[in-house]
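Contents: one structure, followed by commentary.
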Amino acid sequence: MMCYSDFPFPENFPNFLHNSKMLEYYKKFVEKFDLLKYIQFQTIVRSVKKHPSFSSTGQWEVTTEKNGKQDTTIFDAVLVCSGHHSDPYYPLEDFPGINTFKGEHFHSREYKNSKAFNGKRVVVVGMGNSGADIAVELSRTAAQVFLSTRRGSWVMSRVFEHGYPWDICFDTRFQNWLRNTLPTSFVIWLTEKKMNAWFDHANFGLQPRDSTQFKEPLFNDELPSRITCGYVVVKPDVTEFTETSLKFEDGTSVENIDVVIFATGYRFSFPFLDESIIKVKDNKISLYRNIFPENLEKPTLGVIGLIQPLGPIMSSSEIQARWVTRVFKGLCTLPPPDAIRKDIEKKKEIAMSRFGPRREHTIQVDYIEYLDELTTDIGCKPNILELLTKDPVLAFKIIFGPCTPAQFRLTGPGKWPIARKQIMTTWDRIMKPTKTRVVKSQDRSSMSVIFGVGGLCILALLLAVIMYKN
């Protein structure tokens, strides 16, 4: 799910990678395509400004600094790939009494490991993936860990149904179609039922406060265990600090706290760009398809990776880059300014209805829906109806299997001859890293027939709906 569409991971890599494995993969990619000669490391971008002839050329003046020396170069196009985890969101003003607190406090971005917290009492404020990971890791060395959450969160295991990785089961075209087609109330009920199948979130103090608004789940295989063993204690929102204690909105307090770690997220900014190009207000930004500033005379600057999909950011960013470079070349064209503004407003309304107004959800997108929109323009979106007549087995894999990056190399620009093989062997490659001790499996042929017939019935229903809509 995370690999580049034409460069799969080595088959011996695990399904969920340590950061050293990701780095190893990127190095292999760079070597394969001889990219190192194009990359200038240890260089700070000080400013990106329109060239005086921008209205006719679309060029940019980019000022960089390396080893204390500044240099300005003219570029035909610019891609901004600084992401949305660059600036810590550290709202100390929201916590009365923080200035009187005598213990240590810092943002989770500064956390590296648990060695310095042996025997200490720690409060982690905020329960995203970073906050939960830090709380679990600290619970093995700290005397006690408290995890404070304002709204709660669904917690998922990386190991999902039948032991498969969660995204392999979640990010399928069929599942995505169901989620976007069924009544919202039913989807919410189904989501709660699925999330609580592992453990009852209410009994662990984790259930989201408002389940009608989508909140991205966090992934942590150990958090429920650490809570039930008492190593991590879940608390509500912090209302006040004293010299050595914290008070919470339910009236309880914890005493003799040594360290507070604020896992309060991030905000994004573009200090090297003038606000006339990109303006950020309340963590909100107006970009066409989350990429192009809406008021540029020439579409020669794009933002890559400023999205939060329910899927891998790597493959999403690759599709963005494939589309943007075709726009730069003139192979794909943008609509008129009025249509761009209408599209931006429409997407904002959709995001608001699905994900709510929270600052952390302003760049949330539907993973498959978003990729399909871009790949339609590129001309590499798989034509499922055509495949159903020419290659029904492959079509079945594309509809009901995981939406892997290779799907967008089957046809069109950048077509990859091995793409079909990659899709057809997806499940084999998923199981290979874990199936290191081969055991004799029971005969499942009868079940396979049942599932096969059921799948064909569902497929027929899906086709009927699509044809009816068309």
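All residue numbers refer to positions in the sequence shown, counting from 1. As the structure is a computational prediction, the values presented were derived from the model and not from experiment.
Residues Phe408 and Cys380 are in side-chain contact: their nearest non-hydrogen atoms beyond the backbone lie under 4.5 Å apart. A 4.5 Å side-chain heavy-atom check between Met22 and Met2 finds at least one atom pair inside the cut-off. Residues Val327 and Leu334 are in side-chain contact: their nearest non-hydrogen atoms beyond the backbone lie under 4.5 Å apart. Using a 4.5 Å heavy-atom threshold, the side chains of Ile98 and His105 count as touching. Between Ile277 and Leu273, some side-chain heavy-atom pair lies under the 4.5 Å cut-off. Taking 4.5 Å as the limit, every side-chain heavy atom of Thr64 sits out of range of all side-chain heavy atoms of Arg46. Here the side chains of Val234 and Leu206 are in contact, with some heavy-atom distance below 4.5 Å. Between Pro91 and Thr264 there is a side-chain heavy-atom pair separated by less than 4.5 Å.
From Asn19, atom CG reaches atom NZ of Lys21 across 11.5 Å, with rounding to the nearest 0.5 Å. Interatomic distance, Lys347 NZ to Lys342 NZ, rounded to the nearest 0.5 Å: 14.5 Å. Separating the CD1 atom in Ile74 from the CD atom in Gln59 is a distance of 6.0 Å, to the nearest 0.5 Å.
Side chains of Ser130 and Tyr111: no donor on one and acceptor on the other come within 3.5 Å. Judged by distance alone, the side chains of Arg409 and Gln422 never bring a donor and an acceptor atom under 3.5 Å apart. No donor-acceptor contact under 3.5 angstrom links the side chains of Lys381 and Thr411, judged on distance only. One side chain, Thr43 or Gln40, offers a donor N or O that lies under 3.5 Å from an acceptor on the other. Thr57 and Ser53 are linked by a side-chain donor-acceptor pair at a separation below 3.5 angstrom, with hydrogens and angles left out of the test.
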Could you give me the CA-CA distance, side-chain angles and deciding distance for Val125 and Ile261, then say whether side chain to side chain contact (heavy atoms under 4.5 Å, CB included) is met?
-> CA-CA 6 Å; Val125 178; Ile261 301 174; over 6 Å; no
Decide yes or no on ring-ring contact (aromatic ring centres under 6.0 Å, His included) for Tyr266 and Tyr89, but give the supporting numbers first.
-> CA-CA 4 Å; Tyr266 293 82; Tyr89 178 62; 9.7 Å; no
Kindly indicate, with the supporting measurements, whether the criterion side chain to side chain contact (heavy atoms under 4.5 Å, CB included) is fulfilled by Phe95 and Phe101.
-> CA-CA 11 Å; Phe95 298 93; Phe101 181 62; over 6 Å; no
Could you please spell out the steps behind the side chain to side chain contact (heavy atoms under 4.5 Å, CB included) verdict for Asp237 and Thr149?
-> CA-CA 5 Å; Asp237 194 23; Thr149 174; over 6 Å; no
Check the pair Glu294, Tyr288 against side chain to side chain contact (heavy atoms under 4.5 Å, CB included), reporting the backbone distance first and the verdict last.
-> CA-CA 6 Å; Glu294 61 177 319; Tyr288 177 60; 5.8 Å; no
Residue pair Phe13, Tyr25: steps toward the ring-ring contact (aromatic ring centres under 6.0 Å, His included) verdict = CA-CA 9 Å; Phe13 273 33; Tyr25 170 76; 7.3 Å; no
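The six-membered or imidazole ring of Trp323 lies near that of Phe292, with a centre-to-centre distance under 6.0 Å. Checked against the 6.0 Å centroid threshold, His201 and Trp154 count as a close aromatic pair. Taking the six-membered ring where the residue is Trp, the centroids of Phe400 and Phe174 are separated by under 6.0 Å. A distance of 6.0 Å or more separates the ring centres of Phe262 and His107.
Within a 6.0 Å sphere centred on NZ of Lys66, heavy atoms belonging to other residues, nucleotides or ligands number more than 12.
Across all non-hydrogen atoms, the minimal contact from Ser157 to Trp166 is O-CB, 3.8 Å.
When atom types are taken as modelled, the side chain of Thr300 and the backbone of Gly58 share a donor-acceptor pair closer than 3.5 angstrom. Checking side-chain atoms of Asn220 against main-chain N and O of Val155 turns up no donor-acceptor pair under 3.5 Å.
Under the 6.0 Å distance and 45° angle rule, Arg179 counts as a cation-pi partner of Phe170.
Between Phe270 and Phe272, the two ring planes are perpendicular [angle over 60°; tilted spans 30° to 60°].
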